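Just so it is clear, the model here is predicted, and its values are computed rather than measured.
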Amino acid sequence: MSGKLDPKMFATMMPQIDPHLTGTVFGTISTIVTVASPVGSVGIVLLYNLVDGTFACVFALILVVISFVWALWAHRKMAKVQIKD
C-alpha cells in the first residue's frame, strides 16, 4: 500500500472531518499504514522462523478476521451516526 490512501476513501472521509484537522487525520492514517506494513511483515516472518509456518499463517488469518470484524463494526457505527444526522 506504500502509505497512500485510496481517493474514494478520501472522498468518503472528507465530509466527516473538521477542515482544520484534515492534514492531521490523513497524516496520522498515512503514518500508521506506512509503519504497520513492515512491522507486521517482520512479525509474521519471525513467527514463521521461530515457531512454525502453520502458526504464522493462522496468526495472519486471525489478524485478517479481526480487522474485517472491526471494519464492519466501524462501518455500522458510522451508518448509525449518519442516520441520526
Which residues end up grouped with [X] if you chain together Ile, Leu, Val, Met, Phe, Trp and Tyr wherever their side-chain heavy atoms are less than 4.5 Å apart?
X: Tyr48; answer: none
X: Val64; answer: none
X: Val58; answer: Ile62, Ile66
X: Val65; answer: Val69

Taking side-chain contact (heavy atoms from CB on, under 4.5 Å) as the test, write out the residues that go with Val45, two or more places apart.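 Result, side-chain contact (heavy atoms from CB on, under 4.5 Å) vs Val45: Asn49.
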Residues in side-chain contact (heavy atoms from CB on, under 4.5 Å) contact with Trp70, at least two apart in sequence or another chain: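 Checked Trp70 against side-chain contact (heavy atoms from CB on, under 4.5 Å); matches are Trp73.
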To check you understand the geometry: which heavy-atom pair defines the closest contact between Ile44 and Ala56, and what is its length?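 Nearest heavy atoms, Ile44 then Ala56: O-CB, 3.8 Å.
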